[in-house]
Q: 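What follows is a structure written as structure tokens; I'll ask about it next.
As the structure is a prediction and not an experimental result, all values here were calculated from the model.
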Amino acid sequence: MPSSQSNFIFEQTKIPGCFNSIKFLSVIACLFFILINPAFAKYKTIKIVTLFDYAPYCMADEGYQSDQLIHLGEDAVGFLGYSWDVLRESFQEMGYTIQLKIVPWARAVSTVKSGNADILFPTGINSERLNTFHFSEEAINSAKFKVYVNQDSALEWQDLTSLKNLSIGVKRGFNYGDKWDAVKDINIIKITTITQGFKMLEAKHLDGFLGYETNWDYTLKQENWQGKFKKMPAFDSSNEYLAALKTNPNAKALLADFDLGKRRLMRQGRLKQIHEKWFGTAE
């Protein structure tokens, strides 16, 4: 039968309203495809802010871009680190494009507080921050708090009271836990970079430099300064998380997406691979 006749018979016999129903279902199917297809993930964007000098968790090289958009399957330009890999892959697993801003830590905190970013990381939890932020359930990394001194230091460590009347350097804006916040009679010197703190310690402008063991040790290794300093026993430790402002209506949903994305990486074995990449061993 000629095709023209077939079309004529079809047009004459189709059920009234059926064609419109087919069009409606087609539109619904297309919308569903758009929502689940990663190719359209550019419409699902999260704004992340972090610091640039927190090796090996977050670190920038000379060619980094302070503000960049990172689509699915892409990585940042000139920015890398263990915690960054975990965050990026967790959100990309959930279909997010990431708007990344890299600034000094104090400015990163104020950027989230002013509502100009959704997520701040890596963020330790203390009493003050709990008043302002919601935190992810899944940690992004951990920190042990230790005081570094010169090899010839006469400091006899017992606990934080051993630091009474001493000048101790701390990295500006960092969290060292509620135990540290409660100490008295210590001359606290705020430091901008880890390298600067160790230089001031070596020059004896400081009696000690309070740090996060993994990050401070990484800096010493990079600078080939391992033999210059010694460290006291850890007085406290903290996991670090993603933080979102409590007044952000999307805060809990975004943090929950990170948690789910990270758990997927864990089940896939990808989290183990990231840890081995940065530390040489499984977590």
Side-chain angles (χ1 to χ4, degrees), residues 41-72 74-126 128-143 170-176 190-194 212 215 238-259 261-262 274:
K42 63 181 179 180
Y43 298 113
K44 187 178 178 182
T45 301
I46 185 167
K47 295 180 179 179
I48 305 286
V49 62
T50 189
L51 72 174
F52 53 80
D53 57 345
Y54 195 45
Y57 295 141
C58 299
M59 49 187 172
D61 61 25
E62 294 180 357
Y64 85 98
Q65 299 175 11
S66 61
D67 200 334
Q68 50 186 297
L69 190 65
I70 302 157
H71 296 287
L72 286 182
E74 296 179 348
D75 201 347
V77 175
F79 186 74
L80 65 164
Y82 168 80
S83 301
W84 165 241
D85 282 351
V86 174
L87 176 138
R88 185 189 75 257
E89 294 199 26
S90 295
F91 276 120
Q92 289 182 336
E93 176 70 23
M94 300 300 292
Y96 281 90
T97 289
I98 299 172
Q99 181 72 54
L100 177 65
K101 194 172 188 66
I102 308 162
V103 295
W105 182 247
R107 195 187 310 170
V109 175
S110 65
T111 298
V112 173
K113 286 184 174 180
S114 63
N116 291 316
D118 299 308
I119 297 292
L120 172 72
F121 90 103
T123 314
I125 298 176
N126 60 22
E128 180 183 356
R129 290 176 176 177
L130 282 170
N131 294 326
T132 306
F133 299 109
H134 290 305
F135 291 87
S136 58
E137 293 181 2
E138 292 287 338
I140 193 79
N141 54 252
S142 61
V170 301
K171 197 168 187 307
R172 193 183 307 274
F174 272 36
N175 164 61
Y176 294 99
K190 294 183 179 180
I191 306 299
T192 302
T193 69
I194 300 172
Y212 295 8
N215 313 89
S238 173
N239 285 331
E240 295 189 304
Y241 302 86
L242 276 59
L245 198 65
K246 284 188 172 181
T247 55
N248 181 347
N250 299 317
K252 289 186 177 180
L254 294 173
L255 294 171
D257 277 351
F258 165 75
D259 290 333
K262 184 186 172 187
I274 294 172

Q: For Glu138, enumerate each residue passing the side-chain contact (heavy atoms from CB on, under 4.5 Å) test, keeping only those at least two apart in sequence or located in another chain.
A: Phe258, Asp259, Lys262, Arg263, Met266
Q: Any non-hydrogen side-chain atom of Asp257 less than 4.5 Å from a side-chain atom of Tyr96?
A: yes
Q: Is there a donor-acceptor contact under 3.5 Å from the side chain of Arg172 to the main chain of Ala106?
A: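 Not at all, since once roles are kept as given, no pair shorter than 3.5 Å links the two residues.
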Q: Using every non-hydrogen atom in the two residues, find where Phe52 and Phe79 come nearest and quote the distance to one decimal.
A: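 Looks like CA-CE1, 4.3 Å.
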Q: For Glu74, does the CD atom have more than 12 heavy-atom neighbours from other residues, nucleotides or ligands under 6.0 Å away?
A: yes
Q: Counting only N and O atoms by type, is there a donor-acceptor contact under 3.5 Å from the side chain of Ser136 to the main-chain atoms of Leu242?
A: yes
Q: Would you please classify the geometry between the Tyr212 ring and the Phe174 ring as parallel, tilted or perpendicular, with 30° and 60° separating the classes?
A: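 Phe174 vs Tyr212 ring planes: tilted.
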Q: Look only at the side chain of Lys171 and the backbone of Thr192, and say whether a donor-acceptor pair between them is shorter than 3.5 Å.
A: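 Side chain of Lys171 to backbone of Thr192, a donor-acceptor pair under 3.5 Å: yes, one is there.
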Q: Any chance you could measure Leu51, atom CG, to Thr193, atom OG1, to the nearest 0.5 Å?
A: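 Answer for the CG-OG1 pair, Leu51 versus Thr193, is 12.0 Å.
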Q: Hey, what do you get for CD1 (Ile102) to CD1 (Ile48), rounding to the nearest 0.5 Å?
A: 11.5 Å
Q: Does the side chain of Ile70 reach to within under 4.5 Å of the side chain of Phe91, using non-hydrogen atoms?
A: no
Q: Search all heavy atoms of Arg88 against all heavy atoms of Asp85 and return the closest pair with its distance.
A: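 What the structure gives for the nearest pair is NH1-OD1, 2.9 Å.
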Q: Once rounded to the nearest 0.5 Å, what's the spacing between atom CD of Glu240 and atom CD1 of Ile125?
A: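 That separation rounds to 10.0 Å.
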Q: To the nearest 0.5 Å, how far apart are CZ in Arg129 and CG in Asn175?
A: 4.5 Å
Q: Would you say the side chain of Tyr241 lies within less than 4.5 Å of the side chain of Glu137, judging by non-hydrogen atoms?
A: no
Q: Can a side-chain donor-acceptor contact be found between Asn141 and Tyr82 if the only test is distance below 3.5 angstrom?
A: no
Q: What's the spacing between Leu72 CG and Glu93 CD if we round to 0.5 Å?
A: 10.0 Å
Q: Taking all non-hydrogen atoms of both residues into account, name the closest pair between Phe133 and Val109 and its distance.
A: CZ-CG1, 4.5 Å
Q: Could you give the side-chain donor-acceptor pairs of residues 246-253 under 3.5 Å, partners two or more places apart or in another chain?
A:
unit_1, atom_1, unit_2, atom_2, d
Lys246, NZ, Leu130, O, 2.8
Asn248, OD1, Asn250, N, 2.9
Asn248, ND2, Asp118, OD1, 3.4

Q: Of all the heavy-atom pairs spanning Gln68 and Gln65, show the shortest one and how long it is.
A: NE2-O, 2.9 Å
Q: Are the side chain of Gln92 and the backbone N or O of Asp75 linked by a donor-acceptor pair below 3.5 Å?
A: no
Q: Kindly give the heavy-atom pair with the smallest separation between Leu120 and Val112, and that separation in Å.
A: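 Taking Leu120 first and Val112 second, the nearest heavy atoms are CB-CG2, 3.6 Å.
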Q: Give me the atom names and distance for the closest heavy-atom approach of Phe121 to Thr123.
A: CA-OG1, 3.6 Å
Q: Could you go through residues 56-63 and list every donor-acceptor pair under 3.5 Å that involves a side-chain atom there, pairing it with any protein atom two or more places apart or in another chain?
A:
unit_1, atom_1, unit_2, atom_2, d
Tyr57, OH, Ser142, O, 3.1
Asp61, OD1, Gly63, N, 2.9
Asp61, OD1, Tyr64, N, 3.3

Q: Between atom CG of Asn116 and atom CD of Gln99, what is the distance when rounded to the nearest 0.5 Å?
A: 11.5 Å
Q: Using only atom types and a distance under 3.5 Å, with no angle test, would you say the side chain of Lys113 pairs donor to acceptor with the backbone of Thr132?
A: no
